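By convention in this document, chain letters (A, B, ...) are assigned in the order of the sequence lines, proteins followed by strands, and residues within each chain are numbered from 1. All of these numbers come straight from a predicted model, not from anything done at the bench.
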Amino acid sequence: MPRTPALLRAERASRAAPSVKYDFHNIETKWQRHWEAERTFATPRQVDTSREKFYVLDMFPYPSGIGLHVGHPLGYIATDIIARFKRMTGCNVLHPMGFDAFGLPAEQFAVEHGVHPRITTERNIANMLAQLKRLGLSYDWDRALATTDPGYVRWTQWIFLQLYNSFLDPATDKATPIADLIAELESGARYISSGGELSRASFEGAVDWDGADTATRNAALSNVRLAYLAEVDVNWCPGLGTVLANEEVTNEGRSERGNFPVYRRPLKQWMLRITAYADRLERDLADVEWPEAIKAMQRNWIGRSRGARVQFELVGFSDVIEVYTTRPDTLFGATYMVLAPEHPLVDQLVTPEQRDQVYQYRSEVSGRSERDRMVDEKVKTGVPTGAFARNPVNGEEIPVWIADYVLMGYGTGAIMAVPAHDTRDFDFATQFGLPIREVVAPHDDVKSDEVFTGEGTARNSAGNVVLDGLQTVDAKKAVIEWLESHSLGRGETQYKLRDWLFSRQRYWGEPFPILHGEDGEIRALDESALPVPLPEMDDFSPTASDDPDAPPQPPLGRASDDWKQVEIDGRVYQRELNTMPNWAGSCWYYLRFIDPGNEAQLVDPELEAYWMDGGIDLYVGGAEHAVLHLLYARFWHKALFDLGHVTHPEPFRRLVNQGMIQAYAYRNERGIVVDSGQVVDQDGQPATEVQDQPDRRYSFDGERVSQEYGKMGKSLKNAVSPDDICEEYGCDTLRLYEMYLGPIEQSKPWNTRDIIGVHRFLRRVWRNFVDESGEILVSDDESSESLLRLSHKTIDRVTNDINRLSFNTAIAALIEMNSALVSEQRIPRVVAETFLKLLAPLAPHIAEELWALIGGDGALAFKEWPDVDASLIKDEQIKIAVQVNGKVRSTITVDVGASGEEVIALAREEENVARHVEGKSVRREIYVPGRIVNIVVA
RNA sequence: GCGAGAGUGGCGGAAUUGGUAGACGCGCUAGAUUUAGGAUCUAGUAGGGUAACACCUGUGGGGGUUCGAGUCCCCCCUCUCGUACCA
């Protein structure tokens, strides 16, 4: 009796307990030690550049003391699979990892425990390194770096100096050394206007360089430097004792970290002129393969809008009010104006009768937090100033109000209000009984109750310029032209993006390479003075308080004079006491990975040109950095590009955001989150084992708890440690499980219970290759045609799947192939080798071990990825729908390669069709060359 | 409001360009093995219907294009994320 697959399987299962089983612990430690000892995945500094490169990068982690949970490695596993796959396809792969090690938590921990942040940081890095290594990730650890390394800080400071010593030349739209500008100014070729804007053409209001004193010159240069010190309204967070960037403040007006209140306050701080790059940062988004959501967030944040500046003459004053509008075509519909309450003109133009009311309103508004203002958008507040302005297009006198719906921080802090075509103005006008005048008619005649804010045909435009009948686009052009020719305004592009506040009152950050002279002189250090080290101190704590008016006190102010004071050429300077934000280090780490040991240069230009050609090929990380790291890094990269230090204008060609791992969490009756690991159901089963059963009751320490669902992490106490999973199932299982969960970009639930599925797969793989007695079940016989066909179909599927990062389907393909192998007594060598190669990127340890056991040649990690034999994977038969007079009569199955005549002959045999086909001419028409084609009987 | 994405079994999810919907896994049901539990193996598992087939209905809802729609087009509903008085 022949042994059927089922019988064979039953036979195997019934034998005694296997003596040689899948011992993942030993296998995994063995190979991880081997890779480490052999430095298997180290990419040499010089590689054969005739080969294709692949730079695959993870967003490097902050080394926190808590350690990783299973959500963290999701992206790391994905990039590791790609890295391993690309090595096997013959690419030079750069796959580095490092640590973003400056920042608040290390400092806070240091303050609480009195340990130097350097020590806690090093400890945390060591812990995290061990956790990462346990996952069998094929990083080139030789290139590992921490942003806190003095050798790294040096180049972060160096880049800051590049920014400080550059300006954006409006003629070329490129960062250019400021020395070039100075040289040109000295030769009288150019001027800097008093407004700080640089122009070759317009000398209006210019400061004459020759006639200016040093302070004026420096101030003028400061107005164009990409890094500059300025007194601006900043986000001051007394609770943290530091200022924060706009991107670090929530829309509730609190700090992203710690949730302390943040106040707007004028302070003198270091700024980076990211606004100079607003246009390019937006435009170049078109050239990168990023998720649409992230691009949209960046576009939104940059907030480019096209419009016009318009001047309104104040009645009875010599001053003008300047407004910004995106709808200059509605100028005739402006029936009043609104200034932001804190607008500087308010004091001058307010009439004596209105003064009390205006000042009272002002103090009310400034006392109100941002949040209160957003309670109900429809309710608008404001008061008239008593002043009037003149509409430039028709000379009409319209009242000037102040209201808090106009923000000082955008545009000019003043608007012309067109209630007929702007919902906010409409709400305001309705509330205060101000006139509404329609000046744009919709294209269609549909009348709606809503304000018409769309584009249409201009009307009611009697005045100094006539727009009636023009479409919105043309009307805008006409108005701008008229305004410009009468010097009453000009077309302008506005951005929501503000310059980047770049200093922090912290200890654990990069010191600025900047000195302050007694007379207010700012002196940038020479490159040779880098790195500027952090001073040794005992007390690194920030000065926090509840008082919004408390002055910022950088911890470095308490450093000894040895550090604080620097003497150069007999003059004593004070060091800059602020430090850089932790974003600084992450802005360029991907460049340093290319050449981490270089002491002479940021990165070797030739190596940079090779590895950064077209940008980083794959960058994987969380979406939370959309308008922080990802925007800052692009800005630095563009500046470095302009200055010739990098060869491609965008750092990250392809970006993928991994989803979050979610899990159930439990809260007791007092609303306190309890540790999910300790929660049991009514039968005493651990909650982690019985999820998806909504009718269960859960308890913690005898107390009833309610179930909820959310992001895995510390705050919900539902973290699962990868160490535990590796211990119980092995890291190959963990890797497969995390990838098997679903698409990488999607958020998905963690269910410890489901892990067994992929673990069973690996055990079956093992048993297919290794007999219970330890015998290797691979034969040198030729493979059967069907097995060969299956293995090539699997190659095809897995290759495509990995290429499009669809790891879950790749695993499914391997599971299917493995199930087919069960029925083989011995797997033909050619099939066995193919299978292990396909498995290698996903579950590298078991694949490598089996490769060695079957006597495979060399290291599997660098074996050539198998090619598909296309002739083996074609369909053998296709279905054909036979259509008669436009209706499908039947479907027939024919062999691939059958001739048209054969197909028609077959069709004739089909009863349904035959009588229609008899005696008629038959036309063969193939609609879709897929698995089903049609023949049409005319 | 605006912007982006998503709705498929009890659950996670498959289905390159329109071509046998539900791959693969979990769970569940039955059986084998086992002192028992666990583990392992076998079969089944969208819903309705049937002794079993046949058959019918099915990818949030409603229309449309097509020989053929989860996939393409139009309208609507729901959910998630981001953003918010940006003139």
Inset, instruction - Please state whether the phosphate of B/G13, meaning OP1 or OP2, lies under 4.0 angstrom from any side-chain nitrogen or oxygen of A/Q746. - result: yes
Legend entry - 5'-most by nearest nucleotide on RNA chain B - A/E816 or A/G411: A/E816
Inset, instruction - When you get a sec, tell me which of B/G13, B/A87, B/C41 is the closest nucleotide to the side chain of A/R764? - result: B/C41
Inset, instruction - May I ask you to check whether A/W401 and A/Y361 place their ring centers less than 6.0 Å from one another? - result: no
Inset, instruction - Could you tell me whether A/A812 contacts a base, only the sugar-phosphate backbone, or nothing, with contacts defined as non-hydrogen atoms closer than 4.0 Å? - result: base
Legend entry - Distance test, side-chain N/O of A/Y410 to OP1/OP2 of B/A87, below 4.0 Å: yes
Legend entry - Selection from B/C26, B/G3, B/G13 that lies nearest to any side-chain heavy atom of A/P743: B/G13
Inset, instruction - Could you measure between the two C1' atoms, the one in B/G62 and the one in B/A14, and give it in whole Å? - result: 27 Å
Inset, instruction - Sticking with atom C1', work out how far B/C55 lies from B/C76, rounded to a whole angstrom. - result: 34 Å
Legend entry - Given B/G25, B/A23, B/A4, the nucleotide with the shortest approach to the side chain of A/A296: B/A4
Inset, instruction - Can you tell me the distance, in whole Å, between the CG atom of A/D425 and the P atom of B/C85? - result: 15 Å
Inset, instruction - Would you indicate which nucleotide in B/G82, B/C26, B/G25 comes nearest to any side-chain atom of A/R753? - result: B/C26
Legend entry - Inter-nucleotide P distance (B/G1, B/U50), Å rounded: 48 Å
Legend entry - Separation of B/U40 C1' from A/Y22 OH (nearest whole Å): 17 Å
Inset, instruction - Can you tell me the distance, in whole Å, between the CD1 atom of A/I302 and the P atom of B/G3? - result: 18 Å
Legend entry - Chi-angle category of B/G22 [syn within 90° of 0, anti beyond]: anti
Inset, instruction - Scan every strand shown for a Watson-Crick or G-U wobble partner of B/U50, both distances under 3.5 Å, and answer none if you come up empty. - result: none
Inset, instruction - Please report the shortest heavy-atom distance between A/T412 and A/R309, naming the atom on each side. - result: CG2-NH1, 3.5 Å
Legend entry - Identified pairing partner of B/U29, criterion: Watson-Crick or G-U wobble below 3.5 Å: B/A43
Got a list of protein N/O to nucleotides 37-39 of chain B N/O distances below 3.5 Å?
unit_1	atom_1	unit_2	atom_2	d
B/A39	O3'	A/R763	NH2	3.1

Inset, instruction - Measure the distance from CG on A/L762 to C1' on B/C24 and round it to the nearest whole Å. - result: 14 Å
Legend entry - Rounded distance (Å) that lies between atom C1' of B/G13 and atom CD of A/Q662: 15 Å
Legend entry - Side chain of A/L407 - closest among B/C24, B/A87, B/C26: B/A87
Legend entry - Interatomic distance, A/Y740 OH vs B/C11 P [rounded to whole Å]: 17 Å
Legend entry - Residue matched to B/U34 through Watson-Crick or wobble contacts both under 3.5 angstrom: none
Inset, instruction - Report the base-pairing partner of B/A21 (Watson-Crick or G-U wobble, both distances below 3.5 angstrom), or none. - result: none
Legend entry - Close side-chain approach of A/I815 to A/Y740, heavy-atom, < 4.5 Å: yes
Legend entry - Geometric class of the A/F428/A/Y405 ring pair [parallel <30°, tilted 30-60°, perpendicular >60°]: tilted
Legend entry - Distance, C1' atom - from B/C72 to B/G3, rounded to whole angstrom: 24 Å
Legend entry - Opposite nucleotide pairing with B/A84, Watson-Crick or G-U, both atom distances under 3.5 Å: none
Inset, instruction - Calculate the interatomic distance between A/K496 atom NZ and B/C85 atom C1'; express it in whole Å. - result: 11 Å
Inset, instruction - Quote, to the nearest angstrom, the P distance that separates B/G13 from B/G7. - result: 10 Å
Legend entry - Distance test, side-chain N/O of A/R767 to OP1/OP2 of B/C41, below 4.0 Å: yes
Legend entry - Main-chain N/O of A/T799 paired to A/N803 side chain as donor or acceptor, under 3.5 Å: yes
Legend entry - Span that lies between the C1' atom of B/U45 and that of B/G10, in whole angstrom: 11 Å
Inset, instruction - Starting at CE of A/M739, measure out to CG of A/L805 and round the result to the nearest 0.5 Å. - result: 10.0 Å
Legend entry - Integer angstrom distance from the P of B/G48 to that of B/C11: 15 Å
Legend entry - 5' precedence on RNA chain B between A/I755 and A/N800 (nearest-nucleotide basis): A/N800
Inset, instruction - Go ahead and name the base partner of B/G58; Watson-Crick or wobble counts if both distances stay under 3.5 Å, otherwise write none. - result: none
Legend entry - OP1 or OP2 of B/A14 under 4.0 Å from side-chain N/O of A/N808: yes
Inset, instruction - Have a look at A/P291 and say if it touches a base, only the backbone sugar-phosphate, or nothing, with a 4.0 Å heavy-atom cut-off. - result: nothing
Inset, instruction - Could you tell me which non-hydrogen atom of A/I302 sits nearest to which non-hydrogen atom of A/A278, and how far apart they are? - result: CG2-O, 3.7 Å
Inset, instruction - Could you check which of B/A15, B/C26, B/U83 has an atom nearest any side-chain atom of A/N300? - result: B/U83
Inset, instruction - Could you tell me the separation between the CG atom of A/L734 and the CD1 atom of A/I725, rounded to the nearest 0.5 Å? - result: 6.5 Å
Legend entry - Pairing partner (Watson-Crick or G-U wobble, both distances under 3.5 angstrom) of B/G5: B/C79
Legend entry - Rounded distance (Å) that lies between atom P of B/A4 and atom CG of A/L285: 14 Å
Inset, instruction - Would you indicate whether the side-chain heavy atoms of A/L434 and A/P399 approach each other to under 4.5 Å? - result: yes
Inset, instruction - Mind jotting down which residue pairs meet the salt bridge (Lys or Arg N to Asp or Glu O under 4.0 Å) criterion with at least one end in residues 803-821 of chain A? Sequence neighbours excluded, please. - result: A/R797-A/E816, A/D801-A/R804
Inset, instruction - Would you tell me if any nitrogen or oxygen in the side chain of A/R804 comes within less than 4.0 Å of OP1 or OP2 on B/A14? - result: no
Inset, instruction - Between B/A15 and B/U59, how far apart are the C1' atoms? Round to whole Å, please. - result: 11 Å
Legend entry - Assigned partner base of B/A15, Watson-Crick or wobble definition, under 3.5 Å: none
Legend entry - Close aromatic pair by centroid cut-off 6.0 Å: A/H759 and A/F24: yes
